[in-house]
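Any value given below was found using the heavy atoms of this structure, including those in side chains, with hydrogens, waters and symmetry copies removed. In the text below, chain A, chain B and the rest are named by the order of the sequence lines, each starting its count at 1.
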Amino acid sequence: MRDIRLLDAPFDPNAAIDALAMASPDIGGIASFVGKVRLTGGVEALELTHYEPLTLPGMHELADRAFGRFDLIGLLMVHRVGVMRPGEPIVCVSAAALHRRDALGAVDFCMDHLKSAAWFWKREKRAGQWHWIEPREQDHADLARW
Amino acid sequence: MRDIRLLDAPFDPNAAIDALAMASPDIGGIASFVGKVRLTGGVEALELTHYEPLTLPGMHELADRAFGRFDLIGLLMVHRVGVMRPGEPIVCVSAAALHRRDALGAVDFCMDHLKSAAWFWKREKRAGQWHWIEPREQDHADLARW
Amino acid sequence: MIRIVYLGKLADVAGKSESQFVSSSGDLDWPDILALLDDHVREGLADAVRDERVKVALNGQVLSDREGLVARDGDEIALLPPVSGG
Amino acid sequence: MIRIVYLGKLADVAGKSESQFVSSSGDLDWPDILALLDDHVREGLADAVRDERVKVALNGQVLSDREGLVARDGDEIALLPPVSGG
């Protein structure tokens with residue numbers, strides 16, 4: 001199973017992960033990461049802009065690489081776009097595999113590459129004002145691990 | 001939040017992970033691993049034996065180390081003991097953190113150390129016969145990574 | 001008609017998320033487009049786009065050499081600033 | 001009374017999951033216990049326990065030197081073979 005989606009409305013990560021588990025009954029383990037909009041730091045809203053012709057193909061190429069690199073039975077990659085409120089899920093990556101190392105490795109790999117593969121521009125609303133978030137050095141360091 | 005449990009009856013990993021998320025609202029992300037009894041390979045049942053005076057203290061010490069090593073907001077470690085059927089969850093480790101790297105790292109770390117920290121003896125029933133599972137070299141290699 | 005899409009911060013600089021141009025003189029190359037941005041969209045936009053970290057996609061394909069761009073009628077050009085961290 | 005608990009495969013070798021001994025001569029040391037296992041539980045059990053990978057816990061504490069074990073009335077000894085992989 002392979003479930004790659006961009007959503008412009010809130011979603012339930014558990015329902016998505018359960019669907020992956022149901023569709024991949026023959027697994028040893030399932031690893032997941034769910035990223036949420038933080039409640040701290042005074043962020044009132046977060047907006048993710050994407051460019052449709054690049055984003056979804058980028059996520060599919062990343063999924064191809066994950067399937068090539070790890071021994072996976074199923075992979076789920078769901079990403080929000082649009083305006084999100086604190087506490088809402090932004091991203092859910094979940095991998096089902098016979099072996100734990102593959103499942104955890106694939107989630108880590110996809111999370112590290114998702115931002116660069118899928119072209120998201122992010123801005124935060126603080127005290128009523130929107131602020132663009134600049135590229136970070138840490139992300140380059142994360143990519144250099146692979 | 002810190003939720004460390006040994007259970008001798010089937011459990012719902014989602015409910016446990018949701019409870020962790022509810023108790024740690026101020027998170028950036030939550031990483032999880034759920035290990036299940038495989039449906040393949042002709043295993044009819046799996047039994048985990050533990051020694052009560054060592055198992056739970058071992059899991060709590062491991063949780064202490066995870067909290068010391070990673071910047072965590074919450075940690076969940078639930079492990080089954082007793083007889084399990086194919087498809088049933090054996091273990092669920094979930095970590096809530098402000099940063100993705102801490103959450104994923106803590107889950108990987110706890111999964112690598114859980115078996116050696118918590119003293120489980122495992123046997124499988126195949127064709128009506130129980131067989132003890134011997135220690136594996138891979139586990140030593142996993143531990144050597146940390 | 002040629003469509004130009006502004007992503008991220010470039011949409012703020014442009015004051016809009018996209019523009020459409022009809023080229024009376026046929027194809028548009030990279031210098032043509034930079035001139036159009038300043039003359040017909042907003043002054044300073046061309047400078048923002050000249051930032052070497054801004055990538056260019058033509059009909060959904062990111063160009064390895066944006067200077068070599070040639071846009072024809074019906075094409076869509078996307079101007080892509082660096083993606084956000086965090 | 002001193003309780004001895006057999007974990008994992010050692011429970012199969014012993015044919016039971018635990019034994020209880022009343023020592024008429026007071027404390028039991030490691031050679032005493034090995035002798036009891038063979039004489040009063042099952043022959044061959046002492047040999048299985050001699051495997052150097054078998055660890056010994058006294059009242060819930062794993063001993064760094066099992067040969068130095070001294071068990072007194074009320075103590076619980078656990079015999080712990082290597083934990084399973086997979």
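- A donor-acceptor pair under 3.5 Å links the side-chain atoms of B/W121 to the main chain of D/P81, judged by distance alone.
- Taking CG from B/L54 and CG from D/L7, the interatomic distance works out to 8.0 Å, rounded to the nearest 0.5 Å.
- Taking all atoms of both residues into account, the shortest heavy-atom contact from D/D12 to B/R123 is OD1-NH1, 4.4 Å.
- For D/E67, the CD atom is densely surrounded, since the number of other residues' heavy atoms within 6.0 Å is greater than 12.
- Looking at every heavy atom in both residues, B/Y51 comes nearest to D/A57 through CE2-CB, 4.4 Å.
- Within a 6.0 Å radius of CD in D/Q61, other residues, nucleotides and ligands contribute 12 heavy atoms or fewer.
- Looking at B/W119, the atoms closer than 4.5 Å to chain D (heavy atoms on both sides) sit in the backbone and in the side chain alike.
- When all heavy atoms are compared, the tightest approach of D/G60 to B/P53 is CA-CB, 3.9 Å.
- The line from NE2 of B/H131 to NZ of D/K9 is 12.0 Å long, rounded to the nearest 0.5 Å.
- Shown here is D/D47, whose CG atom has more than 12 heavy atoms of other residues, nucleotides or ligands within 6.0 Å.
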